[in-house]
Every structure is written in structure tokens, then in C-alpha cells.
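One structure is given here, and the rest of the page talks about it.
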Amino acid sequence: MRKKFLVVTMCVCMAFMTAACSTGTTNNETTNNSSAGDTTAGENASTGAEGESESAAEDTKVDVYNTIFQDNGYVKDIKASDLVQLYDYSQLKTIAKADVEPTEEEVQATIDEQRKLFATTKQVTDRAVEDGDIICMDFTGKIDGVEFDGGKSEDYVFDPNYDNFIDGFYEQIIGHTPSEEPFDIQVTFPDPYENNPDLAGKDATFTIVLKYIEEDELPEFNDAFVQDTLGATVTAEEYRQQLKESIQSDNVLEYLYDKVIAESTVENIPTSITDALRAIVDDTSMQQAADAGMELEEFYEQVDPTGEQRENLCAEQAKVILVIQAIAEKEGIEATDDNVLSYFGSEDTRDGYVEYFGKGYSYSGALPILTMQKLAENVTIE
């Protein structure tokens, strides 16, 4: 639940960020400097992200994100209850346990995510490569039997989640088992090929020595892990039960949220809200466009040429903002320095968001949880 609402209007931008990632990947496949099939794309992307993050940290987004919000998380100069036909949530007295109780698989998945945070890696050599495996290899590329610049590397660790190779390169390694014995794969450089026009459209042979597959090794979930690593003071089974109860509580809040948003209606959304949300979408999309080597207009032409998706996102999020505020007004709830702490987790995190996005915008992200927690007080699980 907390993740779902981490700064409420952020979800307006997420669809564009997702679309931009796929667009950026396509672009990287033709702009990386490696002639071995874009083998350093993942490294370049990582370096670029770090650089951008450092640059962004020097500025703030207050002027873009915080234009319509008061410090209590409400929209300025708006009485939401005048605009919202609010669902009568007082009739939500019971929720079926089956609708909110997490399965054992869901609890285990959450535990596994925590275990992954403390995973170590091991080198595996006794099985074949499967799609998605991280591998270490040496490779040498040749065209007409002659090695070419940029086509050779040793101990190269390839992660298919981040690296971009020439089409068919990694796919031909799948099924091979690590060994000292080399094997050849055949690829064709794309045409055009901006990295090295001399290679465009040419067939190449790469000789591969597959050294190992890199696997995560997760720590065992036991009392020692729970107490020594996670810092809890309970046994592993007690921790599992606490986690199950926590997930169920989050599911209750999410159930209530989905219900009141779906069953409430809003007419005549103020343009001040939709204009502000469009500015947020533009700002986020501009960053994604830059990552993909595009201007904003070109980026929009690819991911949302009619603008309909942007308009729908802004309208949907404007409704969320107004419905949540209408409940907050009715229940007398405002975001304060103190009651947002459980949402942000710590004062440092809270203050970081406030400095970067502004207090009103940051605190607006806490309102959905604060309001749903209030509604949950009157609900029983049966």
C-alpha cells in the first residue's frame, strides 16, 4: 500500500516512464560504441543514470510538482467535497477475508525479496545457460576470418537485463554449458550501424568461451537470518506471521482505496489540477526523452502520438486527488510533520522528499494512506 501511493501523483508519470524505457532500449541498440554487438550498453546506461542522479540532486522539482498543493497535502483553493459525489463508505462495515488475506505464496514471495537483498553470487558451471541468465565469457569477433576493432573481450559479464548485444548473439549462447572448449556463433551487424558504419550489414563470427553462469545464492530464512540480518526479535515463524498480518493490513487499505475511487464520481475537474499534472508528465517525459536521445515532441510521437493517454492519466489522477481530499475533509484529516512519518519511514526520507518536491506535493502522497487507515478503523474482516 505504501509503495502504491509513494507520492500520489507520481503514478501519473509511471506509464510514460515504462514506455520510455522500451523506447530507450531500442535506441541503445544502435548507438552504443562497442563493435562487439553493443556489449557495453548496460555499463553506459548505468553510468548515465548515476550522472543524471548527481545532477538532479543539485536542483529541485518544487516549481514543477508543488504548484497546486498546500502544506497539508490538500489542493490550494479547492473544496473537494463540492466537486465529488463521494461513495458512502460507511456501508463498508465488513470485508471478506478471502478478498484481503495473502496466500502463503505471496508471503513467501515477500520473504524472498528480503532474502534477495542479502544474496551473494556463485559461479555455476554444471548446467546449460537459460534465457535470462547472467554469464561470464571471452569472445573474439571476426569478419572474413579477420579480427576487427572492438570485437574482443575477456571475462565479460553479460546481464541480459541491462546489456544490449547484436540480435541473436546472446540467444545463440543459450543452451551451452560452461567449458574451456570454444564454440562459434554467427551474427549480422545491423544496417545502418551508427557505431561503426564499416561493419553495417556484415556477417561476423564470434568465438565464445563460456566461463560460468552467475547465480544469486539466497540466505536461508531461519531464526538467525531474521534476528541477526533483519534485526527482528522474533523467530522466523513469528516473523512470517507478522509479515502475513502486515500484508493483509495493506490489502485492506488497498481494497478500501479501490472501492471508494471506483464508486465516487467527480464532475468539472478544475483546470488548475489537470494543468499541473500535465506539467509533471511533461517534466518526467522530458527526462525520459533525453535518456532516449530524443526531443520531447519526438518522444511523445512514439509513445502517445494523440495525447489521449496523457489526458486520461491526468484526468484519472485528478479524480484520485479530489476523492482522497474529499474524504480527508469529511474526516478532518490533514497531513502533518508527525503523521506522515510512518508513510515516509524516517525524518530524513521525509525531509528529502520535501526538499526536492515541496512539502505540499510530498505530503499529498501520505493522504491516501491516512484516509484509508481512518476508514479501516470501522471495518471488520470476516
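Keep in mind it's a predicted model, so treat the numbers as computed, not measured.
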Exercise for the section: Identify the residue among Ile327, Val266, Thr265 that makes a side chain to side chain contact (heavy atoms under 4.5 Å, CB included) with Val84. Expected result: Val266

Practice task
Check each of Tyr361, Tyr65, Tyr363, Phe344 against Tyr353 using the ring pair (Phe, Tyr, Trp, His ring centres under 6.0 Å) test, and report the only one that passes.
Solution key: Phe344

Does a sphere of radius 6.0 Å around [atom1] in [X] hold more than 12 heavy atoms from other residues, nucleotides or ligands, not counting ones at 6.0 Å or beyond?
{"X": "Gln85", "atom1": "CD", "result": "no"}
{"X": "Glu355", "atom1": "CD", "result": "no"}
{"X": "Asp144", "atom1": "CG", "result": "no"}
{"X": "Glu154", "atom1": "CD", "result": "no"}
{"X": "Gln91", "atom1": "CD", "result": "yes"}

Between [X] and [Y] (side chain of the first, backbone of the second, donor and acceptor by atom type, cut-off under 3.5 Å), is there such a pair?
{"X": "Asp163", "Y": "Asp159", "result": "yes"}
{"X": "Gln288", "Y": "Phe299", "result": "no"}
{"X": "Asp223", "Y": "Ala236", "result": "yes"}
{"X": "Glu238", "Y": "Thr235", "result": "yes"}
{"X": "Asn66", "Y": "Asp63", "result": "no"}
{"X": "Arg310", "Y": "Asp304", "result": "yes"}
{"X": "Thr205", "Y": "Lys142", "result": "no"}
{"X": "Ser362", "Y": "Gly358", "result": "yes"}
{"X": "Ser285", "Y": "Val281", "result": "yes"}
{"X": "Asp191", "Y": "Gly201", "result": "no"}

Taking C-beta and beyond as the side chain, do [X] and [Y] meet within less than 4.5 Å on heavy atoms?
{"X": "Leu83", "Y": "Pro270", "answer": "yes"}
{"X": "Tyr74", "Y": "Leu367", "answer": "yes"}
{"X": "Thr177", "Y": "Val129", "answer": "no"}
{"X": "Val260", "Y": "Thr371", "answer": "no"}
{"X": "Thr188", "Y": "Lys202", "answer": "no"}

Look up atom [atom1] in [X] and atom [atom2] in [Y], then write down how far apart they are to the nearest 0.5 Å.
{"X": "Ile333", "Y": "Ile369", "atom1": "CD1", "atom2": "CD1", "result": "12.0 Å"}
{"X": "Ser179", "Y": "Ile208", "atom1": "OG", "atom2": "CD1", "result": "13.0 Å"}
{"X": "Met137", "Y": "Phe183", "atom1": "CE", "atom2": "CZ", "result": "8.5 Å"}
{"X": "Glu301", "Y": "Thr306", "atom1": "CD", "atom2": "OG1", "result": "9.5 Å"}
{"X": "Ile280", "Y": "Leu313", "atom1": "CD1", "atom2": "CG", "result": "12.0 Å"}
{"X": "Leu375", "Y": "Tyr257", "atom1": "CG", "atom2": "OH", "result": "13.5 Å"}

Between [X] and [Y], is any side-chain donor less than 3.5 angstrom from a side-chain acceptor?
{"X": "Ser346", "Y": "Asp348", "answer": "no"}
{"X": "Asp184", "Y": "Thr207", "answer": "yes"}
{"X": "Asp112", "Y": "Gln108", "answer": "yes"}

Does any pair with a residue in [range] pass salt bridge (Lys or Arg N to Asp or Glu O under 4.0 Å), and if so which ones, sequence neighbours excluded?
{"range": "residues 316-343", "result": "Asp337-Lys359"}
{"range": "residues 90-106", "result": "Lys97-Glu101, Glu101-Lys244, Glu104-Lys244"}
{"range": "residues 373-382", "result": "Lys374-Glu377"}
{"range": "residues 264-290", "result": "Lys61-Asp283, Asp275-Arg278, Arg278-Glu311"}

Problem - ILVMFWY cluster membership beyond Ile247 - transitive side-chain contacts under 4.5 angstrom - result: Val107, Ile111, Leu117, Phe118, Phe221, Phe225, Val226, Leu230, Val234, Tyr239, Leu243

Practice task
Please test Phe189 against Ile166 for side-chain contact (heavy atoms from CB on, under 4.5 Å), starting from the C-alpha separation and ending with a verdict.
Solution key: CA-CA 7 Å; Phe189 282 96; Ile166 295 171; 3.1 Å; yes

Exercise for the section: Would you please classify the geometry between the Phe169 ring and the Phe139 ring as parallel, tilted or perpendicular, with 30° and 60° separating the classes? Expected result: perpendicular

Practice task
Please assess Leu341 against Thr349 for the test side-chain contact (heavy atoms from CB on, under 4.5 Å), listing each intermediate value before the final yes or no.
Solution key: CA-CA 9 Å; Leu341 280 179; Thr349 301; over 6 Å; no

I'd like a table of donor-acceptor pairs (distance under 3.5 Å, sequence neighbours excluded) in which one partner is a side-chain atom from residues 209-219, with atom names and distances.
from   : atom 1 : to     : atom 2 : distance (Å)
Lys211 : NZ     : Asp138 : OD1    : 3.3
Lys211 : NZ     : Asp138 : OD2    : 3.2
Lys211 : NZ     : Asp155 : OD1    : 2.5
Glu215 : OE2    : Arg127 : NE     : 2.8
Glu215 : OE2    : Arg127 : NH2    : 2.8

Exercise for the section: Show your reasoning for whether side-chain contact (heavy atoms from CB on, under 4.5 Å) applies to Gln227 and Thr233. Expected result: CA-CA 6 Å; Gln227 295 166 8; Thr233 57; over 6 Å; no

Handout entry: Phe206/Phe165 aromatic ring centres below 6.0 Å
Key = no

Exercise for the section: Go through the steps for Thr94 and Val379 under the test side-chain contact (heavy atoms from CB on, under 4.5 Å), then give the verdict. Expected result: CA-CA 5 Å; Thr94 62; Val379 171; 5.9 Å; no

